[in-house]
Amino acid sequence: MSLKPYVLSLSIAAALTVAGGAQAARFDHLAIAGVAKGLAKQQPAALQADSDDAFEATDVIVDPDGTEHVRMQRSYRGLPVIGGDVVVHSNNGRFREASLTLRGRGRPSLSPRTTADEAQLAAGKDFNGEIESIESRGLVIYARGAKPVLAYEVNVQGASDTFGTANMRYFVDASSGKVLDRWNLFQTIAANGTGKSLLVGNVGIVTNSVSGGYQMIDPSRGNGSVYDAQGKNDTSANLRNATLFTDTDNTWGNNAESDRATVAGDIAYGVSKTWDYYKNVHGRNGIFNDGKGVKSYAHVKINVGGGTYTSNNAAWNGSAMEYGDGGTTWFPLVAVDVAGHEMSHGVTQATAGLAYSGESGGLNEANSDIFGTMVEYYANNGTDAPDYLIGEKIYRSNPNGTTALRYMFKPSLDGASADCWSSSVGSLNVHYSSGVGNHFFYLLAEGAVVPAGFGAGSSANLTAAKLVCNGNTAAGGIGRDAAQKIWYRALTVYMTSNTNYAAARTATLKAAADLYGTTSTQYAGVASAWSAVSVN
Ligand SMILES: [Zn+2]
């Protein structure tokens with residue numbers, strides 16, 4: 001049979017333009033549905049129907065030859081029968097057959113032995129995560145199993161550790177109190193949107209297509225999402241009340257701060273590049289290597305201790321990303337290297353766990369600068385040319401592009417960071433003791449090469465000799481690819497919470513030996529680069 005079915009409502013629309021026959025067509029629909037309901041009553045065996053079952057038509061399809069297909073939901077004494085739905089096929093009002101999965105006419109007792117509250121408790125426990133709402137939808141007949149049973153339906157929404165972003169439909173046995181079944185109504189459809197970003201121009205971002213528009217959720221990267229924290233302090237209550245960015249046309253922002261969604265585009269872009277970097281370069285599936293994306297909060301004031309909240313920061317808060325709006329000196333802190341830096345704190349947390357004080361704290365910060373920079377190279381965006389500066393794009397005024405938060409090739413250019421290891425380096429703030437690690441990595445990847453804009457005659461006036469602590473201008477220089485792989489392996493396989501600079505030398509040498517062998521140029525490069533920052 002080769003029929004071309006069409007949906008009745010489409011034919012109605014066509015008919016409307018000719019005869020204004022909307023009411024007539026609607027009447028047709030109702031008439032067919034009414035006939036099907038009558039047929040259902042006459043065919044209890046074919047429909048596995050109890051005499052107290054009732055049917056409600058929800059859709060009608062009519063083939064060109066007049067065959068009708070009426071989809072119906074079933075209820076039993078007023079309770080929805082989950083899995084009791086049926087399609088009645090008829091021709092000009094004569095029953096042909098029925099499609100259904102229900103396989104019996106038995107119905108359960110309608111006296112529950114547990115309460116709706118108990119059902120909510122069971123569903124909430126199974127949800128296992130941060131619940132935004134939980135609601136009982138009353139009693140149902142759950143008929144998807146071997147035998148229909150009386151159950152409570154419970155809706156739970158939030159962030160589940162098991163299901164990710166979730167809008168869950170639960171069915172809990174009204175006798176035993178056990179969860180019978182659950183599924184996620186949050187079904188993702190990746191859509192390609194455009195972020196009219198603040199710092200990197202117009203960029204492609206992946207969003208989630210829903211009825212009526214788009215959500216800033218990336219189904220292709222573990223459902224990572226971007227929320228608007230509305231300029232509030234980052235208390236957990238405020239973050240809970242942050243709103244997911246949504247949009248009707250999937251073009252986000254206007255390349256300026258006047259549109260709140262602009263920086264959401266920058267954030268989505270930075271998050272996606274960081275995700276892709278770890279996945280494609282290191283085979284790591286998300287920050288926690290579990291395939292799950294994290295939440296990012298835009299427009300947030302970050303708690304920096306002492307009761308102070310500031311817009312002039314960005315942070316990894318242990319489970320999510322936070323981005324402040326900046327101020328007079330800085331743009332919103334949404335640059336790619338900042339995003340990569342902060343999310344790499346999450347990777348450290350999930351791996352080496354480098355304690356955030358002393359030399360291990362400096363290594364933790366250096367790790368974030370190293371991978372933030374490698375993400376910037378990976379993104380390789382023309383409007384944010386990759387370099388070994390940290391945060392250069394967030395300065396509202398940076399005419400030469402040489403102002404930055406940190407300078408990996410010569411950390412002391414920031415006025416506070418250490419270029420070379422000394423026994424007192426561990427007593428510096430972790431953002432300054434990181435200098436030794438940043439400096440090592442630069443020399444390892446690039447060698448003692450002075451970056452453009454910092455050479456003789458510039459205000460930095462650097463030479464190759466000024467880039468090393470021991471006079472060895474031939475140190476390192478094994479290239480970014482090998483350098484980042486060695487560092488990642490050292491971080492994830494050998495470093496532990498209390499690793500200091502001497503132990504980092506050992507860890508990276510082990511990693512280089514694993515990857516390239518002890519007689520390789522890469523292994524020798526690791527040794528010479530550490531020596532060039534006085535870690536021997
Ligand atoms: Zn940091």
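What you see below is based on every heavy atom in this structure, not just the backbone, and it leaves out hydrogens, waters and symmetry mates. Note that ligands are numbered from 1 as they come in the structure, with each ligand's atoms numbered from 1 the same way.
- Taking 2.8 Å as the threshold, His431 does not count as a candidate ligand of the Zn ion (ligand 1), since none of its N, O or S atoms lies below it.
- Taking CE of Met408 as the reference point, atom CG of Leu443 lies at 10.0 Å (rounded to 0.5 Å).
- For the atom pair CD1 (Ile394) and CG (Leu405), the distance works out to 4.5 Å, reported to the nearest 0.5 Å.
- Here His345 contributes NE2 and His341 contributes NE2, and at the Zn ion (ligand 1) these two atoms make an angle of 100°, given to 10°.
- Not counting sequence neighbours, the partners of Ala512 by the side-chain contact (heavy atoms from CB on, under 4.5 Å) test are Ile486, Tyr523, Val526.
- Under 2.8 Å from the Zn ion (ligand 1) lies an N/O/S atom of Glu365, whether from backbone or side chain.
- Side-chain contact annotation: Asp414 with Ser417, donor-acceptor N/O pair under 3.5 Å present.
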